[in-house]
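For reference, the structure is listed below as structure tokens.
These values consider heavy atoms only, across backbone and side chains, with no hydrogens, waters or symmetry-generated copies. Lettering follows sequence order; numbering is per chain, from 1.
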Amino acid sequence: MKMQNKPVGRGWVNWKTKHGKPAFRRLYAALSVVTCLSFACVLLFMVSALPPFGDPGNPAFNEVPRKYIEEGVQDTGALNIVAGMILDYRAFDTFAEACVLFTAAAAVLILLRSDGPLSAFDSLIQEMEDPRPNVILMQTASLLVPIILLFGCYVILNGHLSPGGGFSGGAILGAALILYASAYGTKRARRFIHYNVLRRTIALCLYFYALAKGYAFYAGANGIDAGIPKGTPGALFSAGLIPLLNIAVGLAVACVVYLFYILFSTGEFR
Amino acid sequence: MALQWLRFILASLFMLAGLITLFAATLGLFRFHYVLDRIHVAAKCDTFGVLLTFASLMVILGLQAASLKLLLIIVLIWLANPVAGHLIAYMEALTNPRLKDNCEVIPYDPD
Amino acid sequence: MGVRLLTNYYETASVILFSIGFATLFLHRNLIKKIIGLNIAETAVYLYFVAKGYITGRAAPIIAGGIQEADAYVNPVPTGLILTGIVISVSVTAFALALIVKIYKQYETLDLDEIMILAGKEEEG
């Protein structure tokens with residue numbers, strides 16, 4: 001038995017050391033292509049059994065969106081039904097969303113913090129933190145940053161009247177801050193947006209959101225008049241808490257987006 | 001009637017030229033292999049193709065608020081896209097130690 | 001059946017896009033390209049949801065001109081759901097990229113096979 005088995009085993013070991021890795025890679029690639037194709041086929045089969053695209057009788061259009069559209073303006077005061085939905089009917093969901101963003105920022109902060117001595121990679125990143133000032137980028141940024149900031153504020157403040165809202169406007173504001181920091185260096189940006197400012201702004205926005213919406217829900221559930229005026233639908237100051245919540249969410253998102261940039265560009269925030 | 005035909009022909013010419021330019025940009029991005037070649041194609045053809053397609057849309061829309069918004073988008077892209085391309089090329093020139101193997105290098109002399 | 005695939009062209013496109021992202025996730029050994037594949041797959045899911053909410057010939061769900069009939073606007077619910085999804089995807093991407101930075105600091109490579117070999121050596125030695 002031993003005499004018979006030995007050459008087979010040695011041959012297999014020889015073959016494995018010689019061709020094992022490329023053969024495994026080819027097998028892996030073939031298997032993954034087959035998996036993806038079969039997955040796509042199953043999904044396409046499912047798509048062919050779905051109701052047609054753009055059909056008014058689509059079962060997804062049931063009593064829930066009907067209620068949102070027909071009574072949304074009376075309930076929330078917001079013309080933008082999506083804003084009224086995510087910041088009034090399902091406000092705690094949005095709160096948890098903002099908390100997830102905050103948690104991601106905290107996790108990135110924990111992962112990228114370095115306690116030990118600086119490695120070669122860290123010193124390379126520190127060298128690149130403030131590269132030579134680039135005149136072209138600085139001129140373009142000085143033109144574009146105010147306009148982008150203005151546009152972000154417009155999108156946040158008109159979130160209950162037109163497309164937009166806290167998340168998209170906050171992302172625009174964060175992009176403007178990132179453009180400023182990449183043009184003029186993070187050192188100069190740190191003069192007015194320090195790490196502590198970012199941290200406190202995010203925490204303050206989340207606290208304000210939780211308190212305001214918690215009060216509104218508590219009052220509403222117990223039948224107390226919350227004392228929040230709805231205003232006339234369509235005016236800039238209307239829709240009760242929604243503009244304030246949009247501002248809170250927008251500031252938090254802008255700070256988190258900028259914090260991501262700071263953390264990834266400097267490796268470690270000092 | 002003649003004016004409408006003129007408008008249609010102008011718009012379709014612009015749109016065709018823009019689509020061809022954008023197609024060339026995509027093709028170049030896939031076919032070239034070196035960073036500077038690819039960023040050359042992406043920066044120039046993208047910027048010009050967007051100008052042409054948006055000009056076609058502006059001709060279709062006529063004089064109204066939406067076409068002014070398109071004009072604003074064109075201004076933004078013409079400001080931002082070349083700068084982004086310049087920055088990528090600048091970073092490549094700064095950080096690649098074997099730049100001379102891939103392209104001709106003329107030393108920069110400020111005087 | 002084939003006809004339905006063509007009428008549901010948004011969903012078909014999203015399935016194809018999802019497969020592209022999925023294949024990228026499998027086939028590339030570079031960790032950052034895997035994250036790009038994950039993001040493509042997520043984008044396909046957003047496209048699918050928003051396409052399911054669309055109804056032909058109706059306006060976006062923003063009340064205009066005082067019309068408040070349910071039959072005048074598209075479905076607002078998928079849009080709200082996708083807003084949540086986008087934020088979660090941004091968070092997950094940032095977290096994954098931070099992990100990749102950490103891995104790169106440890107092994108000084110982004111190739112998954114090399115990382116596995118180096119990690120195996122570390123465990124043995």
Side-chain angles (χ1 to χ4, degrees), chain A residues 21 25 28-29 32-33 35-37 39-40 43-45 47-50 52-56 58 60-61 64-66 68-70 72-73 79-82 85-86 90 93-94 97-98 100-101 103-105 107-108 111-112 114 119 121-122 161-163 165 167 233 253 257 260 263-264 267, chain C residues 1-5 7-12 14-16 18-20 22-23 25-27 29 48 51-58 60-64 68-80 83-84 86-88 90-95 97-99 101-102 104-105 108 113:
Chain A
K21 215 170 157 189
R25 270 189 191 152
Y28 177 79
S32 29
V33 167
T35 314
C36 291
L37 280 183
F39 199 73
L43 286 178
L44 282 177
F45 186 70
V47 164
S48 72
L50 281 173
F53 173 71
D55 181 26
N58 194 327
F61 196 76
V64 178
R66 217 168 267 280
Y68 285 158
I69 291 172
E70 278 167 2
V73 176
L79 288 189
N80 184 349
I81 294 171
V82 177
M85 199 174 82
I86 66 165
R90 306 194 306 127
D93 183 39
T94 311
E97 224 175 302
V100 165
L101 210 54
T103 315
V108 171
L111 273 174
L112 295 183
S114 59
S119 65
F121 182 70
D122 285 334
L161 303 175
S162 60
F167 288 103
V253 170
V257 168
F260 280 153
L263 288 170
F264 278 112
Chain C
M1 181 183 154
V3 180
R4 202 43 94 65
L5 274 184
T7 25
N8 286 352
Y9 54 96
Y10 268 91
E11 284 92 336
T12 313
S14 83
V15 165
I16 291 168
F18 187 84
S19 309
I20 290 172
F22 210 49
L25 205 56
F26 271 132
L27 289 174
R29 282 183 285 141
Y48 176 81
K52 276 285 97 180
Y54 180 73
I55 295 167
T56 314
R58 296 193 185 173
I62 292 162
I63 302 286
Q68 272 198 54
E69 286 152 17
D71 291 336
Y73 301 101
V74 302
N75 194 344
V77 175
T79 321
L83 207 59
T84 314
I86 290 172
V87 173
I88 304 298
V90 166
S91 310
V92 169
T93 308
F95 182 59
L97 287 176
L99 280 177
V101 168
K102 208 67 180 166
Y104 187 81
K105 274 185 193 169
E108 304 203 333
D113 287 3

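The parts of C:L97 that come within reach of chain A are both its backbone and its side chain, each placing non-hydrogen atoms under 4.5 angstrom from that chain. Contacts of A:F61 with chain C are made by both backbone and side-chain atoms, with heavy-atom separations under 4.5 Å. Neither the backbone nor the side chain of C:L25 comes within less than 4.5 Å of any heavy atom of chain A. Using a 4.5 Å cut-off between heavy atoms, A:L161 contacts chain C through its backbone alone, with no side-chain atom that close. Interface residue A:L50: backbone and side-chain heavy atoms are both found under 4.5 Å from chain C.
Residues C:E11 and C:Y48 form a side-chain contact, since some pair of their non-hydrogen atoms from C-beta on lies under 4.5 Å apart. Side-chain atoms of A:L101 and A:V253, non-hydrogen and from C-beta on, do get closer than 4.5 Å to each other.
Chosen from C:V74, C:I16, C:I88, C:T84, the residue pairing most often with chain A at heavy-atom distances under 4.5 Å is C:T84. Note: C:D113 leads C:D113, C:V92, C:I86, C:T79 in heavy-atom pairs under 4.5 Å with chain A. The candidate with the highest count of non-hydrogen atom pairs below 4.5 Å against chain C, out of A:A104, A:P52, A:A107, is A:P52. In terms of heavy-atom pairs under 4.5 angstrom with chain A, the leader among C:L27, C:T12, C:T56, C:I63 is C:I63.
When all heavy atoms of C:P76 and A:I69 are compared, the pair lying nearest together is CD-CD1, 4.1 Å. Taking all atoms of both residues into account, the shortest heavy-atom contact from C:V15 to A:A40 is CG1-O, 3.9 Å.
Using cut-offs of 30° and 60° on the angle between ring planes, the pair C:F22 and C:F18 is parallel.
Here the side chain of A:T94 pairs a donor or acceptor atom with the backbone of A:I86 at under 3.5 angstrom.
With sequence neighbours excluded, the residues that form a ring-ring contact (aromatic ring centres under 6.0 Å, His included) with C:Y10 are A:F53.
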